[in-house]
Number of protein chains: 2
Amino acid sequence: MARTTGSRATITGPLIRDKARCLFARQGYAAVSMRQIAAAVGVQVGTLYAYLPDKQALLADLLESHMQDLLAAWSDDPQADPLARLERFVRFHIDFSIDHADAVFLSYMELRNLTPDNFARIAALRGRYESALESILRDGIASGTMRPEDPKLTTLALIAMLTGVTNWYREGGRLDRARIAQIYWGLARGAVGAA
Amino acid sequence: MARTTGSRATITGPLIRDKARCLFARQGYAAVSMRQIAAAVGVQVGTLYAYLPDKQALLADLLESHMQDLLAAWSDDPQADPLARLERFVRFHIDFSIDHADAVFLSYMELRNLTPDNFARIAALRGRYESALESILRDGIASGTMRPEDPKLTTLALIAMLTGVTNWYREGGRLDRARIAQIYWGLARGAVGAA
DNA sequence: GTCTATACCCCGATAGAC
DNA sequence: GTCTATCGGGGTATAGAC
């Protein structure tokens, strides 16, 4: 357990983000102090400021990099069958939400604690993700395989429904991930009128 | 506009709750100070403590009375057609969520800031509300008019979907309330397999 | 890169005058 | 019922030693 300077330097930055993400998700941004984060990381408060300018930047960084990861992880084939694309989207969203539950929870709970410029940047990324689903719905309508009454509202409704999984999912619960994804897919398919 | 002692006394209590609800919903419980609330009400900080023991009690009171109002406002007829009951539930939930947007938003954002005993009491009320929907789904399955794969998960998914309306609804937006309720009802009906 | 120490501010809550 | 004044503590952020 030698404390070489190099190894610590490499690890502290990501560790700050990991601990902050976890604490923010559990207690909320405003309720978590920089002292708490430092204690979780195992350093003193002052050390944090060698890695970030202030607390707000830490939140913005967590939310923005989460949205970037989400957008990078999603890929779509506009040529494929819209219903198959929707199924992929639903399964992807559920899996990603479970795998990154803290980040997902944070990203829709703490938008209001962003400064206006940070909010605008991150809301734009969120809009891009919503558009990904909306385009699937529009293609589904065009091809006659789906009948949602309003693609825009249906997009928001489906994402809210799917993201809700972060509110109650616990590892080792009554339903496993595959089963959960299956059930949500059934709900989504029915909701868009493709049952 | 005489400032009689009596009239002020009657108004200050509810006003504290109104302003606190609004501020908590917009900025989050932890981010709002008692001084901010006092300023919004138009009194000094000390005055607040003539009406409540502490800040936590204010939050708990807002959440508990909201859940009580919600449960009191909902009525169901277990003898009626399950699909008609589901439609009533959907329309009720949308209307109530729009009419009490701040309280609804608060009630699912700030549960984590409750002390354990307050949390337990309020979570139990929430459970009663979820049960109201779940019993409709179970009756629908029994009567063969609905085919949700898992009534418990479907309950949580539908409530998350419907409650999401508080995230984006704005008075005078693209869709009016009746239209929104209609669209959500279409989504819910399809989701439970009753299209 | 991390520590200790500290500046400066605002927090929740209380006491006591009016 | 409301005010003013204040207590004790913890908040973010910085300075400077090592």
Side-chain angles (χ1 to χ4, degrees), chain A residues 1-21 23-24 26-63 106 110 112-115 117-118, chain B residues 1-24 26-63 106 110 112-118:
Chain A
M1 282 301 267
R3 271 200 193 180
T4 70
T5 311
S7 72
R8 295 264 288 184
T10 330
I11 209 91
T12 302
L15 202 53
I16 289 171
R17 293 160 41 102
D18 287 348
K19 296 297 186 184
R21 186 186 303 110
L23 286 166
F24 287 165
R26 273 159 191 67
Q27 305 174 229
Y29 170 75
V32 175
S33 71
M34 295 299 271
R35 291 188 220 273
Q36 266 183 279
I37 297 169
V41 171
V43 295
Q44 297 299 315
V45 208
T47 305
L48 298 181
Y49 292 89
Y51 292 86
L52 39 91
D54 54 34
K55 193 185 175 189
Q56 166 71 205
L58 176 55
L59 177 66
D61 179 51
L62 287 173
L63 266 57
L106 254 192
E110 299 296 355
R112 62 186 172 181
N113 280 309
L114 293 170
T115 54
D117 52 324
N118 285 331
Chain B
M1 280 297 269
R3 273 199 191 181
T4 71
T5 310
S7 71
R8 295 263 289 183
T10 331
I11 208 91
T12 302
L15 203 52
I16 290 171
R17 294 161 41 99
D18 288 347
K19 296 298 188 182
R21 188 186 303 109
C22 176
L23 286 165
F24 287 166
R26 273 156 191 68
Q27 306 174 224
Y29 170 74
V32 175
S33 71
M34 296 297 273
R35 285 168 167 84
Q36 266 184 276
I37 297 169
V41 171
V43 295
Q44 298 299 313
V45 208
T47 304
L48 298 181
Y49 292 89
Y51 292 86
L52 38 93
D54 53 34
K55 193 185 174 188
Q56 168 70 206
L58 176 55
L59 178 65
D61 179 52
L62 287 173
L63 265 57
L106 252 190
E110 299 295 357
R112 62 186 173 180
N113 280 310
L114 293 170
T115 56
D117 54 323
N118 285 331

Per the end-axis method with five pairs at each terminus, what is the bend angle of the helix from dG1(C)-dC18(D) to dC18(C)-dG1(D), to 10°? 0°
I want to check one thing: is the phosphate of [N], taken as OP1 and OP2, less than 4.0 Å away from some side-chain N or O of [X]?
{"X": "T12(B)", "N": "dT2(D)", "value": "yes"}
{"X": "Q44(A)", "N": "dT2(C)", "value": "no"}
{"X": "Y51(B)", "N": "dG1(D)", "value": "no"}
{"X": "S33(B)", "N": "dC11(C)", "value": "yes"}

Under the rule for side-chain contact (heavy atoms from CB on, under 4.5 Å), what residues qualify as partners of [X], not counting sequence neighbours?
{"X": "A39(B)", "result": "none"}
{"X": "L23(A)", "result": "Q27(A), V32(A), Q36(A), I37(A), A40(A)"}
{"X": "L15(A)", "result": "K19(A), V41(A)"}

Answer yes or no: is there a side-chain heavy-atom contact under 4.5 Å between L52(A) and I16(A)? yes
Where do L114(A) and A60(A) come nearest, in terms of heavy atoms and distance? CD2-CA, 3.9 Å
Tell me the closest heavy-atom pair linking F24(A) and R112(B), and the distance in Å. O-NH1, 3.7 Å
Nearest whole angstrom, please: distance from the [atom2] of [N] to the [atom1] of [X].
{"X": "L48(B)", "N": "dG1(D)", "atom1": "CG", "atom2": "C1'", "answer": "12 Å"}
{"X": "L52(B)", "N": "dT14(C)", "atom1": "CG", "atom2": "P", "answer": "11 Å"}
{"X": "I37(A)", "N": "dG10(D)", "atom1": "CD1", "atom2": "C1'", "answer": "15 Å"}
{"X": "I11(B)", "N": "dG1(D)", "atom1": "CD1", "atom2": "P", "answer": "14 Å"}

Of all residues at least two apart in sequence or in a different chain, which pass the side-chain hydrogen bond (donor to acceptor under 3.5 Å, both in side chains) check with N118(B)? Q56(B), T115(B), R121(B)
With 3.5 Å as the limit, what N/O pairs link the protein to nucleotides 13-17 of chain D?
unit_1  : atom_1 : unit_2 : atom_2 : d
dA13(D) : OP2    : Y49(A) : OH     : 3.1
dA13(D) : OP2    : K55(A) : N      : 2.9

Residues pairing under salt bridge (charged side-chain N to carboxylate O under 4.0 Å, His left out) where one sits in residues 28-56 of chain B, two or more places apart or in two chains, turn out to be none
Under 4.0 Å, counting only non-hydrogen atoms across every strand here, what does V41(B) touch: a base, just sugar-phosphate, or nothing? nothing
Does Y49(A) form a side-chain contact (heavy atoms from CB on, under 4.5 Å) with M34(A)? I'd like the steps, not just the answer. CA-CA 10 Å; Y49(A) 292 89; M34(A) 295 299 271; 3.5 Å; yes
